[in-house]
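Take a look at the structure set out below.
Lettering of chains follows the sequences in order, A, B, ..., and the numbering in each one begins at 1.
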Number of protein chains: 2
Amino acid sequence: MTAAPSGPSRSRRERPAKPALTRAGIIATAVALLRAEGLQKVTMRRLAQELDTGPASLYVYVANTAELHAAVLDELLGTVDLAPVHAGGDWRERILAVLTSYTAVLFDHPSLARSALLARPRGEHYLQLLEGLLSLLDEGGVPPGQAAWGVDVLLQHATATAAEHAGRDDEADQADWDAVARAVREVDASHPHLAAIGEDLLSGSPPERLTWGFRVLLNGIAYTPRTAKEKP
Amino acid sequence: MTAAPSGPSRSRRERPAKPALTRAGIIATAVALLRAEGLQKVTMRRLAQELDTGPASLYVYVANTAELHAAVLDELLGTVDLAPVHAGGDWRERILAVLTSYTAVLFDHPSLARSALLARPRGEHYLQLLEGLLSLLDEGGVPPGQAAWGVDVLLQHATATAAEHAGRDDEADQADWDAVARAVREVDASHPHLAAIGEDLLSGSPPERLTWGFRVLLNGIAYTPRTAKEKP
DNA sequence: ACCTGAACACCGTTCAAGT
DNA sequence: ACCTGAACACCGTTCAAGT
């Protein structure tokens with residue numbers, strides 16, 4: 001080995017000195033690409049280009065595109081604020097805070113929410129989130145069986161709500177609202193209940209509706225037994 | 001015009017006598033293609049091939065792929081069984097029947113459920129479904145404001161649950177279950193609540209969990225006011 | 001063992017040109 | 001007005017061949 005003593009500073013001029021491929025490096029680059037250009041650009045081909053290699057090389061470390069996106073999601077879930085789990089105060093407000101933090105992460109990347117709906121997450125950060133939610137439901141006295149199924153429904157509500165926002169801008173929202181409002185106005189006779197409810201169908205801001213949904217679920221989960229059909 | 005009297009039986013041998021392009025014809029072909037080969041084959045190019053034309057021709061009738069999929073979905077929603085809306089008996093059981101019928105349609109085509117999550121449906125069949133659900137919630141004495149926001153959450157639960165099943169077979173489900181079960185077993189010390197709940201996290205059949213989710217929502221919607229934060 | 005170039009089999013959408 | 005061929009700018013994944 002005749003390398004210079006002062007580290008591996010080879011003479012070929014590469015901008016960031018092309019690093020060796022590793023799974024961690026690939027995923028880190030994928031996260032950066034997500035932040036910079038959105039999930040639709042996190043493709044095998046584009047990612048390979050970013051890493052200065054060919055797409056085939058990535059398949060040594062990543063099984064396919066779905067697995068890549070799942071890994072990126074778990075990375076992002078590391079930023080969910082779990083502090084409320086061990087804080088004091090009303091357990092309902094604290095679980096709401098955790099769920100809102102989770103939703104905020106997905107709202108920033110709605111296309112990831114979409115992929116979370118398909119490939120059920122099971123990374124380490126996701127397990128930590130589950131643990132936090134279960135701990136709070138336990139503190140609230142929710143029966144374990146209901147808590148076990150309940151966390152799933154809570155996270156599904158958050159994920160689906162975020163996914164719904166994928167690829168929509170204010171303009172699209174406005175067009176949507178107009179279209180439904182027009183439809184509701186036009187169906188007066190044949191759809192009396194729809195007409196009666198009218199624009200209330202679309203009222204409220206997304207956060208208001210999201211939070212109401214969480215409260216609906218928390219109440220329902222706490223009071224709906226798994227086995228029987230009785231009302232609470 | 002020197003055509004033979006007996007109709008437009010031109011001499012060129014075309015198998016089903018290539019019909020003129022219409023929006024209805026395009027969507028009907030798309031539905032047939034969906035039923036035969038799944039949504040992943042309902043692409044502009046493949047659909048054009050099926051209609052014996054080029055992809056560009058479709059853009060006269062359909063704005064883009066998303067709009068095409070939305071139209072296909074509304075067509076499918078025509079098969080949802082709305083009979084329970086005007087039947088007798090417990091309103092809870094009847095609304096459960098309608099929601100289950102809706103979910104069954106999406107379970108047959110989970111990839112459509114995925115697209116329903118993105119482009120909020122607003123076709124005629126969807127409006128009829130909304131009307132039926134609102135009518136039943138009204139019959140059950142659910143306050144209008146809660147019903148208006150509630151239908152959304154109920155349909156979202158159904159849609160997201162169906163979407164989750166996209167592209168999974170029994171083998172994938174089993175692998176998933178094994179992976180989570182293993183993960184739960186391994187995190188004993190650091191995730192005590194998760195470990196305590198254990199395999200109950202994944203217990204129950206999909207229909208059992210779906211129905212429990214609907215009951216949770218119905219209870220929550222009926223008893224959770226929109227404005228205040230009080231528990232019911 | 002890891003990495004690669006090249007290929008296979010596809011996509012959505014646009015546009016100038018035809019009828 | 002409607003329809004088309006051809007092009008542009010991409011995809012995921014596999015595989016034989018190299019190091």
If the P atom of C/dA9 is compared with that of D/dC8, how far apart are they to the nearest Å? 23 Å

With a cut-off of 3.5 Å and sequence neighbours excluded, list every side-chain donor-acceptor pair involving residues 129-136 of chain B.
unit_1   : atom_1 : unit_2   : atom_2 : d
B/Glu131 : OE1    : A/His193 : N      : 3.2
B/Glu131 : OE1    : A/Leu194 : N      : 2.7
B/Glu131 : OE2    : A/His193 : N      : 3.1
B/Glu131 : OE2    : A/His193 : ND1    : 3.1

Reading nucleotides 7-19 of chain C 5' to 3', which nucleotides get B (base under 4.0 Å from a protein heavy atom), which S (sugar-phosphate only), which -? B---BBBBB----

Rounded C1' spacing from C/dA1 to D/dA17 in Å: 15 Å

Output all residues satisfying side chain to side chain contact (heavy atoms under 4.5 Å, CB included) with B/Thr22, sequence neighbours left out; order by chain, then residue number. B/Ala24

Closer than 4.0 Å, any side-chain N/O of A/Thr53 to the OP1 or OP2 of C/dC3? no

If we ignore angles and hydrogens, is there a donor and acceptor under 3.5 Å between the side chains of A/Ser111 and A/Gln40? no

Within residues 21-35 of chain B, those residues having any heavy atom closer than 4.0 Å to DNA chain C are none

Rounding to a whole Å, what distance do you find between A/Gln49:CD and C/dT4:C1'? 16 Å

Applying side chain to side chain contact (heavy atoms under 4.5 Å, CB included) to A/Ala97 and not counting sequence neighbours gives A/Pro84

Here DNA chain C, pairs taken as Watson-Crick or G-U under 3.5 Å and shown with ( ), [ ] when crossing and | when to another strand, reads ||.|||||...|||||.||

Considering residues at least two apart in sequence or located in another chain, which fulfil the salt bridge (charged side-chain N to carboxylate O under 4.0 Å, His left out) criterion with B/Asp108? none

For A/Ser57, check side-chain hydrogen bond (donor to acceptor under 3.5 Å, both in side chains) against everything at least two apart and list the hits. A/Thr53

If I pick the C1' atom on D/dC3 and the same atom on C/dT14, what distance separates them, to the nearest angstrom? 14 Å

Just to verify, what does A/Pro55 make a side chain to side chain contact (heavy atoms under 4.5 Å, CB included) with, not counting sequence neighbours? A/Arg45, A/Ala48

Apply side chain to side chain contact (heavy atoms under 4.5 Å, CB included) to B/Val62 and list each qualifying residue two or more places apart in sequence or on a separate chain. B/Ile26, B/Met44, B/Glu67, B/Leu68

Hits for side-chain hydrogen bond (donor to acceptor under 3.5 Å, both in side chains) against A/Gln128, two or more places apart or cross-chain, chain-then-number order -> A/Glu124

My understanding is that only residues two or more places apart in sequence, or in another chain, count here; which of them pass side-chain hydrogen bond (donor to acceptor under 3.5 Å, both in side chains) with A/Asp200? A/Ser203, B/Arg226

